[in-house]
Structure formats: structure tokens, C-alpha cells
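Comments concern the structure below.
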Amino acid sequence: MKWREFVREFSNMSIYLAYNVNVDAIVYLNEKNIQKLVDTFGAGNILKKLDEYPRQIDEPLDFAARLIHALRTGKPNAVPMFNQKLNKWFDSHFKYDVERIGGQVGIIANLLANLDFKRVIAYSPLLGKRQAEMFVDKENLYYPSVKEEMLRLEGIRRAYKEGDPVKVNRIFEFRKGTKFRLGDEVVEVPHSGRFIVSSRLDELRIETKDDLRPFLPQIGEMVDGIILSGYQGIKNFYPDGKTADYYIRRAKKDIELLKRNKDVKVHVEFASIQDKDLRKKVVREIFPLADSVGMDEAEIAHILNVIGYPELSDRIFNYNRIEDVVLGGKIILDETNLEILQIHTIYYIMYITRSSNPLSEEELRASLELATTLAASRASLGDVKSPEDLKVGAKVPYNEQGEYVKLRFEEARRRIRTRGYKIVIIPTRLVKNPVSTVGLGDTISAGAFSSYIAFLRKKGVY
Ligand code: AMP
């Protein structure tokens, strides 16, 4: 299928999304504001802090250290901030260039609604007014409410709850080639990307609220696919005594409820989880209930690290070799019993599934092709506002490493055991000067999963 045919299929498909939306306050970094930050803290202090590698932001220096780390490596990353007192520090030290919808649910909901899906139902346990109004004004975009003990799909922009707090994440976008001084060193940023300071409000619980839970089986029946995300927002402890285990148990139950009346396909969109225990719980307990998972190469390394493959994890981190990613992907697929795993990297996107998968290799590649076309459209335009915008992405050429990537992949296939698996890869269509890189991974995953389902439906196997 080509993108136009996919778009036609999408208009007959409905998707349910939960759990995370937030406001993204974006700062575009440049030599000046980076240098100012370095000078404020001093290179020595930053480097010292960097050795500690803080996994959460408790003070401004933690932020400076992790940001500088991201700039040096050019790797996108997200680090949680629990201490809400730091909001003031950020707001007085940075001017936000843009405020827009964030969170995987927020990004994917607007994307799918703009692609004219039949119905997009987006759920977040909190929905403040400022948040609700960031959703696109489309008739096919709903929020599931409960009124008089009945499930009602309401236009999401009108479904806000007065008084609900709004979660604001701060995103620092950096550009390849930006230079700054760090002590004796001149750092040149090797890749464009973003560093996220993810705020963790006490009021926000990653869950389906009790009023809606009884209706999850009904929602599962209404849709063709489900995308779940936001587990990275679960905390170990809450002031009321609840724990991560409590919310993981609830999350598992949610999936069981969604699948109760119909075996609807569930995709989990994984995001970086700094806390290793929580990361392990999500992989060990949530993945086995899902059909499909999407992640980037940093995330695959993180996961391998907590499920007992630290050496392979290190290799992926340090060398990014395709054969290690294939090896790691096979391990995750088998250990968590997934139907399909999708891994996106800057130069290629890959599916790993079993040879019994009903889709042919060609169809799987077409699904990835739709995904990269979608991401390239978003990278070029900043936003995908209608299906016709895909034209733009379809014209973006494959990245220069594309042929090399394919070669390395064929080599890897000869070297490692791939019998019993179907593994396909395509090079990405890479936009040279992207308007923004926020949400590109989510866009790829939403495009890959939706087009995968479109094929299953078309073949009559789902
Ligand atoms: P994530 O790390 O999950 O946010 O995913 C980012 C993905 O977006 C990468 O793996 C690429 O496949 C894709 N991507 C990143 N930059 C660009 C770009 N400039 N043009 C097109 N796609 C991009």
C-alpha cells in the first residue's frame, strides 16, 4: 500500500489512546544560552556533577549536567523532576519559544485526528482547560466521559475539568553543529535532538479513574487498535502511601479489561524510564500483555540492561551496530512474548516479528515506509495537519547512510540466527533541517502500528 491507500483505510479505523498528555514548553538552545548556562555553574562543577550522572533533577546543577551530557553526545533524553519548587528557577532563567501539546497521547491524538481517522478517543486522568484547548478542533477526536453511569464520547476540547492541574514539561531543543566552551574543551553538538525535563506532579496518577474503568471492555470493542503510553510517569511512592506496584497492577488490569470483549491489538509506546526498577516492571509485567511495542535504540539498550543482558546493552550504547539491535530485539520479543517489536533509530526503522506473522516482508516494509513518511512530513512542516501533508514526507529522500544500512543488515542476517523470525528494515527519510524533533518517535510508532493494523484488517486476519 502507498500512503494514499493507507489514508483511505485509516478513515475506517478507530484508535483509543491513554494515558499521558501535557504542555510542552520549548526552548530553542543556541550558543548564547548554552554558554550562559555553563558560565553560571562553572565547567568544573558541571563536569563533577556529570560523573554522578543524576537520574532526577533535584537542583539546577543536576539539570545543567544532564543537559550538557545530552549536548555532548547528541542523544535525546528525558529526566524527571519531582521537586516542583524548581519551576520558578526554570521560568526565571529561560524564555519559552513555543508552548504546545505534548505527551505521547497528546501528540498522537492530534496526529491521528488530522489524518482523518474515523474516531480517535484520547484519555488522560487529568484534563485542565489549558490542556484540553491544545487538542485540534476536529469532530473525530473524543474524550471518554461517564455521565449518568453511561459512557459518553465528548468532544475533547469541551471535556475539560475545571480545576484540574496542568503538567508542563520543559523541552530544550538543540541543533547539530552548535558550539560552546566547557572548560578547556570546545563542544560541538553532533546531532540535533532534545532534552526533556519531565515534571512529575503528585496529583497526576497514571491510571484509568474508577468511574471509567467499568467501561474499558466497551471501549475495547469500539476501536481497532489501542496505543498505551505514559508508564514512565509512575512514581515509586506517593504521599498517600500508594506505590508503583499498585499502579502497575492497575495498568495490567486496564489492558485485560480493554481486551475482555474483543482481542483488540494493543501497542505500548515505550519511553525512557530512568528508574531501573520501574523500567523492569514495565517490561516484565506490561509488555507481555501487549501485542506490539515501539522504542528507539537508546531504549532497547536500557531495557536489555535491566533484563539481564548488560553487555549487549553496552554494545548497543557504544557502537549502535545493527546486528546487536537485531539480537537485542529478538531477545525482547521472546522474553516478553510480543507479536511485533518496532525499533526506530536515526538511520533506519526495523520490525522484528515471528515468521508466522500474517504480513509478508513486503507488507511490513510498506508499514515502516508509511511511518517514516509521516515522520518526515512532521519534521519538514512542524505538524501534520491533513492527510495531504504526507506528500511532503514522501518526497524527502532516504538518508545518505541508507544503502550502507541495508548492506550491514544483510550481513547481520547472514551472521546471526534469524530462522523463525521475520525481520525487516528500511532507511529513514531524514529531513536535513527539521522544524522540530519533538514527537517524531511517537509519530513513527503511531504510523507503524496503525498501518500494521490496516494491513491485518485488509487481509481479513483481524
Ligand atoms: P525518538 O528518539 O523516540 O524521539 O525518535 C526519534 C526518531 O525520529 C528517530 O529515530 C528518527 O527515525 C526520526 N527522526 C529524527 N530526526 C529526524 C529528521 N530530521 N527527519 C526525519 N525523521 C527524523
Side-chain angles (χ1 to χ4, degrees), residues 3 20 24 26 28 70 73-79 102-108 111 169 171-177 189-196 198 227 229-232 267-274 292-303 316-317 320 322 325 329 341-351 365 367-384 389-390 392-402 405 409 424-449:
W3 68 265
N20 56 331
D24 278 346
I26 302 175
Y28 296 117
T73 56
K75 292 200 175 168
N77 217 333
V79 182
Q104 288 140 314
V105 167
I107 288 165
I108 297 172
L111 173 73
N169 281 353
I171 302 198
F172 297 84
E173 288 237 23
F174 49 84
R175 292 258 156 254
K176 179 179 172 164
V189 179
H191 299 285
S192 297
R194 77 283 179 285
F195 178 77
I196 304 177
S198 180
I227 302 179
S229 56
Y231 302 108
Q232 67 274 18
H267 173 90
V268 165
E269 186 53 19
F270 191 73
S272 102
I273 300 180
Q274 299 285 329
S292 161
V293 170
M295 63 184 69
D296 68 18
E297 84 245 67
E299 288 150 3
I300 187 173
H302 277 136
I303 289 176
I316 294 178
F317 254 124
N320 274 324
I322 291 186
V325 173
L341 176 65
Q342 174 262 114
I343 300 161
H344 45 270
T345 75
I346 189 94
Y347 298 118
Y348 64 87
I349 317 179
M350 183 188 287
Y351 268 142
R365 269 193 296 270
S367 164
L368 294 179
E369 178 58 40
L370 187 274
T372 192
T373 302
L374 206 54
S377 309
R378 182 177 167 107
S380 306
L381 300 168
D383 247 330
V384 172
D389 283 351
L390 286 179
V392 178
K395 289 208 191 98
V396 173
Y398 295 114
N399 69 76
E400 288 150 6
Q401 310 276 328
V405 159
F409 176 60
V424 301
I425 192 171
I426 62 149
T428 50
R429 297 178 180 276
L430 208 59
V431 176
K432 287 254 160 61
N433 292 303
V435 173
S436 157
T437 60
V438 180
L440 289 179
D442 303 335
T443 301
I444 288 178
S445 291
F449 179 62

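Each ligand, and each atom within it, is numbered from 1 in the order the structure gives.
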Q: Could you tell me whether the side chain of E173 reaches within less than 4.5 Å of the side chain of P76, counting heavy atoms only?
A: no

Q. Under a 4.5 Å cut-off applied to non-hydrogen side-chain atoms, are Q232 and N20 in contact?
A. yes

Q.
Please list, in number order, the atoms of ligand 1 under 4.0 Å from a heavy atom of P434.
A. 19 (N)

Q: With heavy atoms of L430 as the reference, note each atom of ligand 1 found under 4.0 Å away.
A: 17 (C), 18 (C), 20 (N), 21 (C), 22 (N), 23 (C)

**Q.** Distance from atom 13 (C) of ligand 1 to nearest protein heavy atom, with residue and atom
**A.** I444 CD1, 3.7 Å

(Q) Counting C-beta onward and ignoring hydrogens, is there a side-chain heavy-atom pair between T345 and N320 closer than 4.5 Å? (A) no

Q) Looking at atom 2 (O) of ligand 1, what's its closest protein heavy atom, distance included? A) D296 OD2, 2.7 Å

Q: Note the single closest protein heavy atom to atom 9 (C) of ligand 1, along with its residue, its atom name and the distance in Å.
A: T345 O, 3.6 Å

Q. Nearest to atom 8 (O) of ligand 1, what protein heavy atom do you find, and at what distance?
A. L440 CB, 3.3 Å

Q: Using distance alone, with no hydrogens and no angle criterion, decide if S445 and Q342 have a side-chain donor and acceptor under 3.5 Å apart.
A: yes

Q) Should you measure from each heavy atom of I346, which atoms of ligand 1 turn up under 4.0 Å away? A) 10 (O), 11 (C), 15 (C), 16 (N)

Q | Close-contact set for ligand 1 against T428 heavy atoms, below 4.0 Å | A | 12 (O)

Q: Compute the centroid of each ring, for F174 and then for H191, and state whether the two points are separated by less than 6.0 Å.
A: no

Q: Could you tell me the residue and atom name of the protein heavy atom closest to atom 5 (O) of ligand 1, and the distance to it rounded to 0.1 Å?
A: G441 CA, 3.2 Å

Q) Where the closest heavy atom to atom 4 (O) of ligand 1 is concerned, which of H191, H344, R194 has it? A) R194

**Q.** Student check: side-chain heavy atoms of Q104 and I227 closer than 4.5 Å
**A.** no

Q) What about V431: any of its N or O atoms under 3.5 Å from an N or O on ligand 1? A) yes

Q: Drop me the distance from I425's CD1 to I322's CD1, to the nearest 0.5 angstrom.
A: 4.0 Å

Q.
For atom 22 (N) of ligand 1, tell me which residue out of E297, K432, R429 has the closest non-hydrogen atom.
A. R429

Q: Give, for atom CG of N433 and atom NZ of K176, the distance between the pair rounded to the nearest 0.5 Å.
A: 10.0 Å

